[in-house]
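This report concerns only the one structure given below.
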Amino acid sequence: MIKSPRGTRDLLPPDTALWNFVEAAVRDVFRAYNFHEIRTPIFESTELFARGVGEETDIVSKEMYTWEDRARAQSEKTQSLTLRPENTAGVVRSYIEHQLGETGQLQKLFYIGPQFRRERPQKGRYRQFSQIGAEVIGPPSAGSESPLRDAEVLEMLATLLNELGITGWKLELNSVGSAADRARYNEVLRTALDAVVSSMCVDCQRRAATNPIRVLDCKVPADQPIIDTLPVIADSLNEASRAHFAQVLAALDAAAVPYTRNHRLVRGLDYYTRTTFEFTHGGLGAQNALLGGGRYDGLSEMLGGPRAPGIGFAMGEDRLVLTLLAQEAAAPQVLADAYIAPLGESLNAAALSLARELRSQGLRIELGDGSFRLKKSFEVADKTARRMIILGEDELQSGILTVKTFATGIQTKVPRTELAVFLTKPASE
RNA sequence: GCGGCUAUAGUUCAGUGGCAGAACGCCUGUCUGUGGCACAGGAUGUCGAGGGUUCGAUCCCCUCUAGCCGCCCCA
């Protein structure tokens, strides 16, 4: 049997209804905040991710689906292409390519779509997964650097999770400062680690040498007291970074968005500057992040574009749905308004005609089959529709149909001309 | 990429070196235009794939594949 490739999966009904519910709710919220949809290609130049996400990140160094595209002519060189592992780089590439900065306007863009990373699958982590994300980007003159943008995005996310009915989420945030701030902090941290690293776990000893900031992510219990004594990045921030962060926090306080400052929150992608954040949720296991994001003031320039500060996030749609399922908030199975049961195959044609009539009036109709015995029609209808219309010779002749409402068990005679109106009434009546 | 656990009916899961099981679901009948209940009957299947040991393997061994959990990292 041919199975879906490792780390990919089929989404089947009724789960697809839940996915659609999530996407519809998300689009509503984006609309309220005046975000507009962008759709970028599923694959891009490998170079985009190498430069944008960072050559040394795990994503780029070992998790990308990359291939050499065929050359169009003998003389042409092949091009290295990659299935997108995230979408921010693509959006910024598009921003640069279409010179959206020249509009002078702030661009508020959102996307929903599949991303690809070649990782070992587990709960909440798949090789093809869907992210819902948004980016606020533009020239500084459009206010793209304002701490209000950070606060607005965070407030929107809090609203979004609440709208979806997700309870118990937690917002953690931090500021990693400018690139210069981070470089300075790296030195401070490296010096501090020299004294204590020998008593830490082997992973930390490796990290201390390669990427000291990652030591903060260590989860080994014995290392925690040591990490608590290390200098925090907040003390290495310059005046501007500090003021920016203070204003973000003040705006969040004013909007009553609850948050926790986490000095250890350092995100994995190279492009993050200043504000970084994560919304987490228990019950997701080791993959507890529902979404993550931050500011990326230098990304456009890293990709050869104009200065275009921005802030954005990516939300794991799979994880969102998992969380909703865990909360038993599964989308209720949507039943058809009526099931038409023709009594005998000679009535099949008349049944199709009736179905067409009702469907054209906006009703959701399931069409049965005249070869079914009435008992079977009832059994099938009860699972798929709120009501069943019996269409026999009598009904066809008289034009008065028999309608059974399952919730009440009441059977009613309804003239064909009044059928559509009757079916629109709540099924509890 | 590394480590641990798992894979049996449509689903959830028992089970045994010697005929493949339960529950739910499904189909049929009692019941030719009135279901849900009940009763009676029925089909479930390459026991994840391939190889090995054995008279004989769903069971033991090896390899692979996939899922789950953890590490790494991330959404």
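Residue numbers start from 1 in every chain, and the chains themselves are labelled A, B, ... in the order their sequence lines are given, proteins ahead of strands. Keep in mind the model is a prediction, meaning the values are calculated, not measured.
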I'd like to know if the side chain of D223(A) reaches the main chain of C201(A), judged simply by a donor and an acceptor atom lying under 3.5 Å from each other, with no hydrogens or angles considered.
yes
Scan Y126(A) against the nucleic acid and name what it touches under 4.0 Å (heavy atoms): base, sugar-phosphate only, or nothing.
base
Salt bridge (charged side-chain N to carboxylate O under 4.0 Å, His left out) with E37(A): of R27(A), K108(A), R31(A), only one passes, and it is R27(A)
Map every base of RNA chain B to its dot-bracket character, where paired means a Watson-Crick or G-U wobble contact with both distances under 3.5 Å and | marks a partner outside the strand.
(((((((..((((....[..)))).(((((.......))))).....(((((..]....))))))))))))....
U6(B) and U12(B), which share atom name C1', separated by this distance in whole Å:
15 Å
Going by heavy atoms in the side chains, are Y259(A) and L249(A) under 4.5 Å from each other?
yes
Look at Q122(A) and G67(B) and indicate whether a side-chain polar atom (N or O) is within less than 4.0 Å of OP1 or OP2.
no
Quick one: I59(A) CD1 to G1(B) C1', roughly how many Å, whole number?
16 Å
Would the base of A75(B) count as contacting R125(A) through its side chain, where contact means a donor and an acceptor less than 3.5 Å apart?
no
Distance check, C1' atoms only: C47(B) and G21(B), in whole angstrom units.
11 Å
Can you tell me how far P in C64(B) sits from the matching atom in C74(B), rounded to whole Å?
29 Å
Base, sugar-phosphate alone, or nothing: which one does R9(A) contact when heavy atoms must sit under 4.0 Å apart?
nothing
Both S4(A) and E119(A) contact RNA chain B. Taking the nearest nucleotide for each, which residue is further toward the 5' end?
S4(A)
Rounding to an integer number of Å, can you tell me how far L322(A) CG sits from C69(B) C1'?
14 Å
Within a radius of less than 6.0 Å around CD of Q361(A), do more than 12 heavy atoms belonging to other residues, nucleotides or ligands occur?
yes
Any donor-acceptor pair under 3.5 Å from S4(A) side chain to T8(A) backbone
yes
Assign the ring pair Y271(A) / Y296(A) to parallel, tilted or perpendicular, where the plane angle (0 to 90°) is split at 30° and 60°.
perpendicular
Side chain of K123(A) - closest among A66(B), C68(B), G1(B)
C68(B)
In whole Å, what is the span from the CZ atom of F129(A) to the P atom of C74(B)?
12 Å
Work out how far the P atom of U16(B) is from that of C71(B), and round it to whole angstrom.
34 Å
Quick test: give all pairs of protein nitrogen or oxygen and nucleotides 3-12 of chain B nitrogen or oxygen below 3.5 Å, distance rounded to 0.1 Å.
| from | atom 1 | to | atom 2 | distance (Å) |
| --- | --- | --- | --- | --- |
| G3(B) | O6 | R120(A) | NH2 | 3.1 |

Check: S144(A) side chain, G138(A) main-chain N or O, donor-acceptor pair, under 3.5 Å
yes
Nearest-Å distance once atom C1' is located in both A14(B) and C59(B)
14 Å
If you compare every side-chain N and O of R214(A) against the phosphate oxygens of C74(B) (OP1, OP2), does one of them come in below 4.0 Å?
yes
For the side chain of H263(A) and the backbone of D228(A), is there at least one donor-acceptor N/O pair under 3.5 Å apart?
no
Within the structure, does a side-chain N or O atom of R319(A) lie under 4.0 Å from either OP1 or OP2 of C74(B)?
no
Between C71(B) (P) and E63(A) (CD): distance, integer Å:
15 Å
Gap in Å between the two C1' atoms, one belonging to C55(B) and one to G17(B), rounded
12 Å
Atom pair distance, as rounded to whole Å: CD in E86(A) and P in C73(B)
18 Å
Taking the same atom, P, in A22(B) and in G56(B), what whole-Å distance lies between them?
30 Å
Sugar-phosphate atoms are those with a prime plus P, OP1 and OP2; base atoms are the rest. Using that split, label each nucleotide of nucleotides 30-40 of chain B B, S or - for protein heavy atoms under 4.0 Å, 5' to 3'.
BS-BBBB----
Donor-acceptor pair, side chain of R6(A) and main chain of P121(A), under 3.5 angstrom:
no
Nearest whole Å is fine: how far is C72(B) P from L216(A) CG?
14 Å
How is G293(A) classified with respect to the nucleic acid when contacts are heavy atoms under 4.0 Å: base, sugar-phosphate, or nothing?
nothing
With sequence neighbours excluded, what pairs up with E97(A) under the side chain to side chain contact (heavy atoms under 4.5 Å, CB included) test?
R93(A)
Could you tell me which residues satisfy side chain to side chain contact (heavy atoms under 4.5 Å, CB included) with A351(A), sequence neighbours excluded, listed by chain and number?
I340(A), P342(A), L367(A), L391(A)
Interatomic distance where CD belongs to Q131(A) and P belongs to A75(B) [whole Å]:
7 Å
Assess K375(A) against F378(A): is NZ or CZ under 6.0 Å from the centre of the six-membered ring, and within 45 degrees of the ring's axis?
no
Can you sort out the partners of R9(A) under side chain to side chain contact (heavy atoms under 4.5 Å, CB included), two or more places apart, ordered by chain and number?
L11(A), W19(A), Y126(A), D318(A)
Atom C1', compared across A20(B) and A9(B): separation rounded to whole Å:
10 Å
Just the rounded figure in Å: distance from P of C73(B) to OH of Y272(A).
16 Å
Under 4.0 Å between a Lys/Arg side-chain N and an Asp/Glu carboxylate O for D337(A) and R387(A)?
no
